[in-house]
Amino acid sequence: MGLYSLITGRRGPSGFGSASTAEEVTQGIDATNLTAIITGGTGGIGMETARVLSKRGAHVVIGARNMGAAENAKTEILRQNANARVTLLQLDLSSIKSIKAFVREFHALHLPLNLLINNAGVMFCPYQLSEDGIELQFATNHIGHFLLTNLLLDTMKNTAKTSGVEGRILNVSSVAHIYTYQEGIQFDSINDICSYSDKRAYGQSKLANILHANELSRQLQEEGVNITANSVHPGLILTNLFQHTALLMRFLKFFSFYLWKNIPQGAATTCYVALHPSVKGVTGKYFADCNEVTPSKLARDETLAQKLWDFSVKLINSVSKKNYLGFDDTT
């Protein structure tokens with residue numbers, strides 16, 4: 001799916017393309033028996049994903065940092081669909097403590113878990129460390145979702161085994177993964193302020209999203225678990241993610257309007273990979289415009305993916321000790 005397809009909306013092998021909407025790609029799909037967690041479902045493509053999955057019958061659990069915004073999102077979803085099942089839980093992905101609290105609260109609901117959509121993120125932030133001392137974009141976009149996924153994995157495995165229904169894990173990445181640091185991931189200087197670039201740090205975190213999904217997919221296949229793991233590029237959508245460069249993005253959009261999507265189009269690839277039957281059994285892939293595409297060379301590097309996995313575990317363990325928290329969900 002190249003630039004021509006993006007501009008024209010030409011449909012790819014899936015039957016969908018850049019102009020397809022989230023409602024269109026899920027038309028006729030019954031998700032009544034599914035439970036989905038969506039991070040960052042309070043606005044933009046996250047909220048549209050939550051709305052459409054709810055419309056198809058899924059019980060949607062929204063993990064949100066801003067509970068006021070979450071309540072507003074839930075009210076709007078229910079306004080459009082009075083039968084929607086939406087649960088709100090507090091979640092700050094830049095905080096290991098918050099992630100563990102979210103998982104405990106979710107487990108207390110005694111719900112199954114079929115879909116995990118790692119959608120939330122921050123973009124182009126000025127240099128900042130999270131409360132755990134990790135560069136904020138890497139902490140929020142990758143480490144937070146990496147830990148969340150690991151802590152929810154047993155529940156997903158049990159659900160897939162008892163229900164016989166394939167579980168799906170989805171990381172919302174970006175084409176920005178191609179614009180990262182030279183080595184891909186700065187393992188030796190994740191927190192280095194001197195080499196920090198807000199754009200490259202964002203690209204690094206989005207590359208990490210793809211590598212995480214790929215390595216997770218490999219491990220799940222090796223284990224023989226009925227769960228897939230994929231990543232997607234939603235497209236260029238002017239949402240609150242651009243808060244740090246809003247004026248620049250509006251200027252660029254004026255001269256490249258044909259490359260941008262609206263929110264229903266931006267949520268289409270996420271909803272397609274999460275629900276569509278044609279994606280059953282497909283794992284370790286990267287999607288854009290509702291079709292499988294090839295990511296960068298670094299994103300296909302299996303050794304880099306395994307190195308990132310080990311690095312992420314060690315980083316979380318080192319931080320957890322400082323906060324008297326363990327990587328396993330025993331507290």
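The list of side-chain hydrogen bond (donor to acceptor under 3.5 Å, both in side chains) pairs with a residue in residues 223-234, not counting sequence neighbours, reads Lys157-Glu223. For residues 32-53, the salt bridge (Lys or Arg N to Asp or Glu O under 4.0 Å) pairs, not counting sequence neighbours, are Glu23-Arg51, Glu48-Arg51.
Every ring-ring contact (aromatic ring centres under 6.0 Å, His included) that Phe138 has, sequence neighbours left out, goes to His142. A search for ring-ring contact (aromatic ring centres under 6.0 Å, His included) contacts involving Tyr179 returns nothing, not counting sequence neighbours. In this structure Ser195 satisfies the side-chain hydrogen bond (donor to acceptor under 3.5 Å, both in side chains) test together with Asp192, sequence neighbours excluded. Listed by chain and number, the residues in a side-chain hydrogen bond (donor to acceptor under 3.5 Å, both in side chains) with Asn72 amount to none (sequence neighbours excluded). Residues forming a ring-ring contact (aromatic ring centres under 6.0 Å, His included) with Tyr196 (at least two apart in sequence, or on another chain): Tyr127. Residues meeting the ring-ring contact (aromatic ring centres under 6.0 Å, His included) test with His177, sequence neighbours left out: Tyr286. Residues passing the side-chain hydrogen bond (donor to acceptor under 3.5 Å, both in side chains) test with Glu222 are Arg218, sequence neighbours excluded.
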Just distance, no hydrogens or angles: give the donor-acceptor pairs under 3.5 Å from side chains in residues 270-277, sequence neighbours left out.
unit_1: Tyr272; atom_1: OH; unit_2: Ser278; atom_2: OG; d: 2.8
unit_1: His276; atom_1: ND1; unit_2: Ser278; atom_2: N; d: 3.1
unit_1: His276; atom_1: ND1; unit_2: Ser278; atom_2: OG; d: 2.9

Could you tabulate the donor-acceptor pairs under 3.5 Å formed by side-chain atoms of residues 62-69, not counting sequence neighbours?
unit_1: Asn66; atom_1: OD1; unit_2: Gly68; atom_2: N; d: 3.0
unit_1: Asn66; atom_1: OD1; unit_2: Ala69; atom_2: N; d: 3.0

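In this structure a side-chain-to-backbone donor-acceptor pair under 3.5 Å is missing from Asn171 to Asn118. Checking side-chain atoms of Gln306 against main-chain N and O of Glu215 turns up no donor-acceptor pair under 3.5 Å. In terms of modelled atom types and a separation under 3.5 Å, the side chain of Asn214 and the main chain of Ala305 share no donor-acceptor contact. Side-chain atoms of Ser217 do not come within 3.5 Å of backbone N or O of Ala213 as any donor-acceptor pair.
Through direct or indirect side-chain contacts shorter than 4.5 Å among Ile, Leu, Val, Met, Phe, Trp and Tyr, Val52 is connected to no other residue.
Within a 6.0 Å sphere centred on CD of Glu302, other residues, nucleotides and ligands contribute 12 heavy atoms or fewer.
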